[in-house]
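Let me begin by presenting the structure, written as C-alpha coordinates, before commenting on it.
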Protein chains: 2
Amino acid sequence: MPEKARRADQRARRASSLSSEPIDLGQLPDLLGYALRRAQVAVFRDFLKCFAKFDIRPVQYGILTVIELNPGLKQQQVCRALGIRRANFVTLLDDLERRGLAERGPSATDQRANALYLTEKGKALMRQLRKVNKAHEDRIAASLSPAKRRFLIQLLDQIELSAEAPNE
Amino acid sequence: MPEKARRADQRARRASSLSSEPIDLGQLPDLLGYALRRAQVAVFRDFLKCFAKFDIRPVQYGILTVIELNPGLKQQQVCRALGIRRANFVTLLDDLERRGLAERGPSATDQRANALYLTEKGKALMRQLRKVNKAHEDRIAASLSPAKRRFLIQLLDQIELSAEAPNE
DNA sequence: TATTGTTATACTCTATAACTATA
DNA sequence: TATAGTTATAGAGTATAACAATA
(Lines give C-alpha, C1' and ligand atoms only; values in the text may rest on other atoms or scores of the structure.)
Protein backbone atom coordinates (compact mmCIF):
# COMPACT_ATOMS: atom_id res chain seq x y z
CA MET A 1 0.00 0.00 0.00
CA PRO A 2 2.79 2.52 0.65
CA GLU A 3 4.15 2.13 -2.88
CA LYS A 4 0.65 2.48 -4.22
CA ALA A 5 0.15 5.62 -2.15
CA ARG A 6 3.37 7.05 -3.52
CA ARG A 7 2.23 6.55 -7.08
CA ALA A 8 -1.11 8.12 -6.32
CA ASP A 9 0.68 11.07 -4.82
CA GLN A 10 2.84 11.48 -7.89
CA ARG A 11 -0.23 11.39 -10.09
CA ALA A 12 -1.79 14.10 -7.94
CA ARG A 13 1.30 16.29 -8.29
CA ARG A 14 1.30 15.86 -12.04
CA ALA A 15 -2.38 16.70 -12.29
CA SER A 16 -1.90 19.93 -10.39
CA SER A 17 0.95 20.95 -12.69
CA LEU A 18 0.42 22.95 -15.86
CA SER A 19 2.80 20.68 -17.73
CA SER A 20 1.43 17.96 -19.98
CA GLU A 21 4.44 15.69 -19.54
CA PRO A 22 4.60 13.40 -16.52
CA ILE A 23 7.78 14.10 -14.56
CA ASP A 24 9.35 11.28 -12.56
CA LEU A 25 10.56 12.49 -9.18
CA GLY A 26 11.98 9.07 -8.33
CA GLN A 27 12.65 8.64 -4.63
CA LEU A 28 12.29 12.32 -3.78
CA PRO A 29 8.65 12.08 -2.57
CA ASP A 30 9.75 9.29 -0.22
CA LEU A 31 12.50 11.33 1.41
CA LEU A 32 11.79 12.95 4.75
CA GLY A 33 13.89 16.00 3.96
CA TYR A 34 12.01 16.60 0.72
CA ALA A 35 8.55 16.26 2.30
CA LEU A 36 9.63 18.34 5.29
CA ARG A 37 11.00 21.12 3.15
CA ARG A 38 7.94 21.36 0.94
CA ALA A 39 5.56 21.34 3.88
CA GLN A 40 7.58 23.91 5.78
CA VAL A 41 7.81 26.27 2.81
CA ALA A 42 4.05 25.98 2.24
CA VAL A 43 3.26 26.64 5.90
CA PHE A 44 5.60 29.65 6.09
CA ARG A 45 4.09 31.03 2.92
CA ASP A 46 0.67 30.79 4.53
CA PHE A 47 2.00 32.37 7.72
CA LEU A 48 3.49 35.31 5.82
CA LYS A 49 0.21 35.90 4.04
CA CYS A 50 -1.79 35.82 7.29
CA PHE A 51 0.62 38.17 9.09
CA ALA A 52 1.35 40.44 6.12
CA LYS A 53 -0.64 43.40 7.40
CA PHE A 54 1.25 43.24 10.70
CA ASP A 55 4.61 42.82 8.93
CA ILE A 56 5.51 39.93 11.19
CA ARG A 57 7.58 36.89 10.15
CA PRO A 58 7.69 33.54 11.94
CA VAL A 59 10.96 34.23 13.73
CA GLN A 60 9.61 37.56 14.98
CA TYR A 61 6.49 35.90 16.33
CA GLY A 62 8.70 33.41 18.14
CA ILE A 63 10.87 36.12 19.66
CA LEU A 64 7.91 38.19 20.81
CA THR A 65 6.32 35.10 22.35
CA VAL A 66 9.41 34.14 24.32
CA ILE A 67 10.06 37.67 25.57
CA GLU A 68 6.45 38.13 26.63
CA LEU A 69 6.37 34.88 28.59
CA ASN A 70 9.83 35.35 30.11
CA PRO A 71 10.31 39.06 30.80
CA GLY A 72 13.85 40.05 31.69
CA LEU A 73 15.49 37.30 29.67
CA LYS A 74 18.96 37.92 28.24
CA GLN A 75 19.45 37.98 24.46
CA GLN A 76 21.56 34.85 24.60
CA GLN A 77 18.80 32.98 26.42
CA VAL A 78 16.27 33.87 23.76
CA CYS A 79 18.77 32.80 21.13
CA ARG A 80 19.29 29.38 22.72
CA ALA A 81 15.58 28.83 23.15
CA LEU A 82 14.84 29.53 19.48
CA GLY A 83 18.03 28.34 17.77
CA ILE A 84 19.11 31.80 16.64
CA ARG A 85 22.76 32.92 16.53
CA ARG A 86 23.71 35.77 18.84
CA ALA A 87 25.01 37.79 15.92
CA ASN A 88 21.84 37.40 13.90
CA PHE A 89 19.62 38.20 16.84
CA VAL A 90 20.95 41.74 17.16
CA THR A 91 19.36 42.96 13.92
CA LEU A 92 16.12 41.15 14.67
CA LEU A 93 15.85 42.79 18.08
CA ASP A 94 16.95 46.18 16.71
CA ASP A 95 13.97 46.03 14.38
CA LEU A 96 11.48 45.08 17.10
CA GLU A 97 12.86 47.84 19.33
CA ARG A 98 12.74 50.43 16.55
CA ARG A 99 9.08 49.55 16.00
CA GLY A 100 8.38 50.05 19.69
CA LEU A 101 7.37 46.44 20.32
CA ALA A 102 10.25 45.31 22.55
CA GLU A 103 12.98 47.02 24.54
CA ARG A 104 16.41 46.38 25.98
CA GLY A 105 16.73 47.19 29.67
CA PRO A 106 19.65 46.91 32.10
CA SER A 107 20.20 43.56 33.80
CA ALA A 108 20.20 43.65 37.59
CA THR A 109 22.83 40.95 37.88
CA ASP A 110 25.09 41.32 34.82
CA GLN A 111 26.17 44.63 33.35
CA ARG A 112 27.14 42.99 30.09
CA ALA A 113 23.65 41.67 29.47
CA ASN A 114 20.40 43.25 28.34
CA ALA A 115 17.12 42.35 30.02
CA LEU A 116 14.40 42.11 27.37
CA TYR A 117 10.78 43.15 27.73
CA LEU A 118 7.75 43.77 25.57
CA THR A 119 6.38 47.29 25.54
CA GLU A 120 2.68 47.88 26.10
CA LYS A 121 2.43 48.28 22.33
CA GLY A 122 4.14 44.94 21.92
CA LYS A 123 1.77 43.24 24.33
CA ALA A 124 -1.22 44.75 22.58
CA LEU A 125 0.10 43.54 19.22
CA MET A 126 0.59 40.05 20.62
CA ARG A 127 -3.05 39.89 21.65
CA GLN A 128 -3.92 40.41 17.99
CA LEU A 129 -1.22 38.12 16.66
CA ARG A 130 -2.38 35.21 18.77
CA LYS A 131 -5.78 35.39 17.08
CA VAL A 132 -4.23 35.57 13.64
CA ASN A 133 -1.99 32.64 14.48
CA LYS A 134 -4.96 30.60 15.61
CA ALA A 135 -6.66 31.15 12.25
CA HIS A 136 -3.45 30.30 10.40
CA GLU A 137 -2.89 27.16 12.45
CA ASP A 138 -6.48 26.02 11.99
CA ARG A 139 -6.21 26.44 8.23
CA ILE A 140 -3.03 24.45 7.70
CA ALA A 141 -4.25 21.73 10.06
CA ALA A 142 -7.72 21.67 8.53
CA SER A 143 -7.17 18.33 6.82
CA LEU A 144 -5.86 16.72 10.02
CA SER A 145 -7.80 15.40 12.98
CA PRO A 146 -6.60 16.74 16.35
CA ALA A 147 -5.10 13.33 17.09
CA LYS A 148 -3.23 13.24 13.78
CA ARG A 149 -2.02 16.78 14.31
CA ARG A 150 -0.60 15.96 17.73
CA PHE A 151 0.95 12.79 16.40
CA LEU A 152 2.56 14.73 13.56
CA ILE A 153 4.17 17.18 15.97
CA GLN A 154 5.41 14.30 18.09
CA LEU A 155 7.00 12.66 15.04
CA LEU A 156 8.61 15.95 14.00
CA ASP A 157 10.17 16.31 17.44
CA GLN A 158 11.60 12.81 17.12
CA ILE A 159 13.08 13.67 13.74
CA GLU A 160 14.67 16.81 15.11
CA LEU A 161 16.34 14.84 17.88
CA SER A 162 17.59 12.12 15.51
CA ALA A 163 19.41 14.53 13.25
CA GLU A 164 22.72 16.18 14.01
CA ALA A 165 22.92 18.86 16.66
CA PRO A 166 24.35 22.27 15.69
CA ASN A 167 27.85 23.37 16.64
CA GLU A 168 27.56 26.42 18.84
CA MET B 1 -2.27 13.20 27.50
CA PRO B 2 -1.32 15.71 24.78
CA GLU B 3 -0.86 18.48 27.31
CA LYS B 4 1.17 16.14 29.45
CA ALA B 5 3.31 15.21 26.46
CA ARG B 6 3.88 18.89 25.73
CA ARG B 7 5.13 19.55 29.24
CA ALA B 8 7.43 16.54 29.08
CA ASP B 9 8.80 17.83 25.80
CA GLN B 10 9.45 21.25 27.29
CA ARG B 11 11.27 19.65 30.20
CA ALA B 12 13.40 17.71 27.73
CA ARG B 13 14.30 20.89 25.87
CA ARG B 14 15.26 22.63 29.10
CA ALA B 15 17.41 19.71 30.20
CA SER B 16 19.36 19.77 26.94
CA SER B 17 20.02 23.52 27.29
CA LEU B 18 23.05 24.92 29.03
CA SER B 19 20.89 27.52 30.74
CA SER B 20 19.83 27.00 34.32
CA GLU B 21 16.62 29.01 33.99
CA PRO B 22 13.55 27.27 32.61
CA ILE B 23 12.29 29.15 29.55
CA ASP B 24 8.59 29.06 28.74
CA LEU B 25 7.99 28.63 25.01
CA GLY B 26 4.24 28.89 25.45
CA GLN B 27 2.31 27.58 22.48
CA LEU B 28 5.31 27.47 20.16
CA PRO B 29 6.01 23.71 20.61
CA ASP B 30 2.37 23.06 19.68
CA LEU B 31 2.55 24.97 16.40
CA LEU B 32 3.01 22.98 13.22
CA GLY B 33 5.14 25.67 11.61
CA TYR B 34 7.50 25.74 14.59
CA ALA B 35 7.92 21.95 14.73
CA LEU B 36 8.24 21.75 10.96
CA ARG B 37 10.89 24.42 10.83
CA ARG B 38 13.01 22.91 13.58
CA ALA B 39 12.80 19.42 12.11
CA GLN B 40 13.60 20.65 8.62
CA VAL B 41 16.62 22.64 9.77
CA ALA B 42 17.94 19.65 11.70
CA VAL B 43 17.47 17.30 8.74
CA PHE B 44 19.14 19.70 6.29
CA ARG B 45 22.04 20.15 8.68
CA ASP B 46 22.48 16.40 8.72
CA PHE B 47 22.20 16.26 4.93
CA LEU B 48 24.86 18.93 4.49
CA LYS B 49 27.22 17.06 6.79
CA CYS B 50 26.69 13.76 4.94
CA PHE B 51 27.17 15.33 1.49
CA ALA B 52 29.93 17.77 2.49
CA LYS B 53 32.73 15.92 0.73
CA PHE B 54 30.72 15.95 -2.49
CA ASP B 55 29.78 19.63 -2.08
CA ILE B 56 26.14 18.84 -2.78
CA ARG B 57 23.17 20.62 -1.22
CA PRO B 58 19.61 19.30 -1.04
CA VAL B 59 18.36 21.39 -3.95
CA GLN B 60 21.25 20.18 -6.11
CA TYR B 61 20.48 16.56 -5.26
CA GLY B 62 16.89 17.20 -6.28
CA ILE B 63 17.86 18.78 -9.59
CA LEU B 64 20.30 16.02 -10.47
CA THR B 65 17.68 13.40 -9.64
CA VAL B 66 15.00 14.97 -11.81
CA ILE B 67 17.33 15.50 -14.77
CA GLU B 68 18.67 11.97 -14.56
CA LEU B 69 15.20 10.40 -14.50
CA ASN B 70 13.80 12.74 -17.15
CA PRO B 71 16.55 13.42 -19.70
CA GLY B 72 15.78 16.22 -22.15
CA LEU B 73 13.56 18.16 -19.76
CA LYS B 74 13.33 21.96 -20.14
CA GLN B 75 14.58 24.20 -17.34
CA GLN B 76 11.07 25.44 -16.67
CA GLN B 77 9.82 21.88 -16.23
CA VAL B 78 12.49 21.11 -13.64
CA CYS B 79 11.60 24.35 -11.89
CA ARG B 80 7.90 23.48 -11.70
CA ALA B 81 8.64 19.97 -10.44
CA LEU B 82 10.84 21.21 -7.61
CA GLY B 83 9.27 24.58 -6.79
CA ILE B 84 12.24 26.64 -7.96
CA ARG B 85 11.90 30.02 -9.72
CA ARG B 86 13.17 30.20 -13.28
CA ALA B 87 15.47 33.07 -12.40
CA ASN B 88 17.03 31.25 -9.46
CA PHE B 89 17.47 28.04 -11.43
CA VAL B 90 19.89 29.63 -13.88
CA THR B 91 22.69 30.01 -11.34
CA LEU B 92 22.08 26.55 -9.90
CA LEU B 93 22.34 24.95 -13.34
CA ASP B 94 25.33 27.09 -14.28
CA ASP B 95 27.16 25.62 -11.31
CA LEU B 96 26.26 22.02 -12.14
CA GLU B 97 27.31 22.58 -15.75
CA ARG B 98 30.57 24.24 -14.75
CA ARG B 99 31.35 21.21 -12.59
CA GLY B 100 30.70 18.91 -15.52
CA LEU B 101 27.74 17.15 -13.92
CA ALA B 102 24.91 18.37 -16.16
CA GLU B 103 24.65 20.05 -19.54
CA ARG B 104 22.32 22.22 -21.59
CA GLY B 105 21.55 20.86 -25.05
CA PRO B 106 19.34 22.16 -27.87
CA SER B 107 15.66 21.27 -27.75
CA ALA B 108 14.34 19.43 -30.81
CA THR B 109 10.95 21.11 -30.64
CA ASP B 110 11.55 24.58 -29.17
CA GLN B 111 14.49 26.77 -30.04
CA ARG B 112 13.95 28.91 -26.96
CA ALA B 113 14.36 26.00 -24.58
CA ASN B 114 17.34 24.00 -23.36
CA ALA B 115 17.15 20.23 -23.08
CA LEU B 116 18.90 19.12 -19.90
CA TYR B 117 21.00 15.98 -19.42
CA LEU B 118 23.40 14.51 -16.93
CA THR B 119 26.93 13.91 -18.15
CA GLU B 120 28.58 10.55 -17.56
CA LYS B 121 30.38 12.19 -14.68
CA GLY B 122 27.04 13.34 -13.32
CA LYS B 123 25.57 9.84 -13.57
CA ALA B 124 28.59 8.36 -11.85
CA LEU B 125 28.30 10.90 -9.05
CA MET B 126 24.62 10.09 -8.63
CA ARG B 127 25.44 6.43 -8.09
CA GLN B 128 27.53 7.51 -5.11
CA LEU B 129 25.06 10.11 -3.87
CA ARG B 130 22.23 7.62 -3.74
CA LYS B 131 24.22 5.53 -1.28
CA VAL B 132 25.06 8.55 0.85
CA ASN B 133 21.43 9.59 0.81
CA LYS B 134 20.35 6.16 1.97
CA ALA B 135 22.64 6.41 4.97
CA HIS B 136 21.44 9.93 5.73
CA GLU B 137 17.79 8.91 5.43
CA ASP B 138 18.28 5.86 7.63
CA ARG B 139 19.89 7.96 10.32
CA ILE B 140 17.23 10.65 10.59
CA ALA B 141 14.48 8.03 10.47
CA ALA B 142 16.24 5.78 12.96
CA SER B 143 13.80 6.57 15.75
CA LEU B 144 10.78 5.87 13.53
CA SER B 145 9.29 2.55 12.51
CA PRO B 146 8.78 2.15 8.74
CA ALA B 147 5.05 2.54 9.27
CA LYS B 148 5.48 5.75 11.27
CA ARG B 149 7.89 7.09 8.70
CA ARG B 150 5.42 6.51 5.85
CA PHE B 151 2.62 8.00 7.90
CA LEU B 152 4.73 11.07 8.64
CA ILE B 153 5.38 11.67 4.95
CA GLN B 154 1.70 11.25 4.22
CA LEU B 155 0.81 13.83 6.88
CA LEU B 156 3.43 16.24 5.54
CA ASP B 157 1.96 15.97 2.04
CA GLN B 158 -1.46 16.80 3.49
CA ILE B 159 -0.03 19.84 5.25
CA GLU B 160 1.58 21.06 2.06
CA LEU B 161 -1.70 20.84 0.20
CA SER B 162 -3.65 22.62 2.95
CA ALA B 163 -1.42 25.67 2.95
CA GLU B 164 -1.51 28.40 0.35
CA ALA B 165 -0.23 27.76 -3.14
CA PRO B 166 2.55 30.03 -4.47
CA ASN B 167 1.90 32.79 -6.99
CA GLU B 168 3.82 31.95 -10.13
C1' DT C 1 0.64 37.87 -26.86
C1' DA C 2 2.76 34.29 -24.19
C1' DT C 3 6.73 31.56 -22.96
C1' DT C 4 11.92 30.45 -22.20
C1' DG C 5 15.97 31.64 -20.49
C1' DT C 6 18.47 35.32 -18.64
C1' DT C 7 20.23 39.43 -15.90
C1' DA C 8 19.83 42.47 -12.20
C1' DT C 9 18.45 43.23 -7.77
C1' DA C 10 16.80 42.84 -2.96
C1' DC C 11 15.70 40.86 1.37
C1' DT C 12 15.95 37.14 4.59
C1' DC C 13 18.31 33.27 6.76
C1' DT C 14 22.36 31.07 8.22
C1' DA C 15 27.07 31.14 9.55
C1' DT C 16 31.90 32.58 11.08
C1' DA C 17 35.38 35.73 12.78
C1' DA C 18 36.68 39.33 15.57
C1' DC C 19 36.01 43.23 18.54
C1' DT C 20 34.42 45.62 23.44
C1' DA C 21 33.05 45.44 27.87
C1' DT C 22 32.25 43.03 31.42
C1' DA C 23 32.37 38.51 34.50
C1' DT D 1 39.67 32.97 30.49
C1' DA D 2 35.01 32.99 29.42
C1' DT D 3 30.65 35.30 28.35
C1' DA D 4 27.25 39.05 26.34
C1' DG D 5 26.46 41.92 22.91
C1' DT D 6 27.99 43.81 18.69
C1' DT D 7 29.90 44.61 13.90
C1' DA D 8 31.30 43.04 9.55
C1' DT D 9 30.92 39.83 6.14
C1' DA D 10 29.65 35.94 3.19
C1' DG D 11 26.85 32.35 1.11
C1' DA D 12 22.40 30.45 0.22
C1' DG D 13 17.22 30.76 -0.31
C1' DT D 14 13.45 33.36 -2.01
C1' DA D 15 11.30 36.87 -4.62
C1' DT D 16 10.09 40.47 -8.41
C1' DA D 17 10.90 43.16 -12.61
C1' DA D 18 12.47 43.49 -17.11
C1' DC D 19 14.81 42.13 -21.36
C1' DA D 20 15.86 39.30 -25.92
C1' DA D 21 14.72 35.43 -28.57
C1' DT D 22 11.23 32.49 -29.97
C1' DA D 23 6.48 30.40 -29.98
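Side-chain atoms are counted along with the backbone in the values below, which use heavy atoms only and exclude waters and symmetry mates. Everything numeric here is computed off the predicted structure, so don't read it as measured data.
Checking C/dT4, D/dG5, D/dT14 against every side-chain atom of B/Asn88, the shortest atom distance belongs to D/dT14. Of the candidate nucleotides D/dT6, C/dT4, C/dT7, C/dT4 has the atom lying nearest to any side-chain atom of B/Arg86. For B/Arg45, whose side chain is taken as the heavy atoms from C-beta onward, the closest listed nucleotide among C/dA15, D/dA23, C/dG5 is C/dA15. In this structure, of D/dT6, C/dT6, C/dT4, it is C/dT4 that holds the atom nearest to the side chain of B/Arg112. Side-chain proximity of B/Val41 to the nucleotides C/dA17, C/dT14, D/dA12 is greatest for C/dT14. Nearest nucleotide to the side chain of A/Arg37, out of C/dT6, D/dG5, D/dT14: D/dT14. Among the nucleotides D/dG5, D/dG13, C/dG5, the one closest to the side chain of B/Val90 is C/dG5. The A/Gln75 side chain lies nearest to D/dT6 when the options are D/dT14, C/dT4, D/dT6.
Remark: the backbone N or O of B/Asp30 is paired with a side-chain donor or acceptor of A/Arg149 at under 3.5 angstrom.
Following rounding to the nearest Å, A/Lys74 (NZ) and D/dA4 (P) show an atom-to-atom distance of 4 Å. Rounded to an integer number of Å, the gap from CZ of A/Phe44 to P of C/dC13 is 9 Å. Straight-line distance from the CG atom of A/Leu93 to the C1' atom of C/dT12: 17 Å, rounded to whole Å. At whole-Å resolution of the value, CG in B/Asp94 and P in C/dT7 are 7 Å apart. If you take CG of B/Leu82 and P of D/dT14, they are 11 Å apart, rounded to a whole angstrom. Between B/Ile63 atom CD1 and D/dA12 atom P there is a gap of 13 Å when expressed in whole angstrom units. We find that CZ of A/Phe89 is positioned 14 Å from P of D/dT7, with the value rounded to whole Å. The nearest whole Å value for the distance from the CG atom in A/Leu48 to the P atom in D/dA15 is 9 Å.
B/Phe47 and B/Phe51 have parallel rings, their planes meeting at less than 30° on a 0 to 90° scale where 60° marks the start of perpendicular.
Close to D/dA15, at under 4.0 Å from its OP1 or OP2, lies a side-chain N or O of B/Arg85.
Taking CD of B/Glu137 as the reference point, atom SG of B/Cys50 lies at 10.5 Å (rounded to 0.5 Å). Here CZ of A/Arg99 is found 4.5 Å from CD1 of A/Ile56. Values are rounded to the nearest 0.5 Å.
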Next item on the list: Give the intermediate values and the outcome of side-chain hydrogen bond (donor to acceptor under 3.5 Å, both in side chains) for residues A/Gln60 and A/Asp95.
Entry: CA-CA 10 Å; A/Gln60 295 173 316; A/Asp95 181 66; 3.2 Å; yes

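Between A/Gln111 and A/Leu92, the residue anchored nearer the 5' end of DNA chain C, judged by the nucleotide with its closest heavy atom, is A/Leu92. Comparing A/Asp110 and A/Ile84, the nucleotide of DNA chain C nearest to each residue sits closer to the 5' end for A/Ile84.
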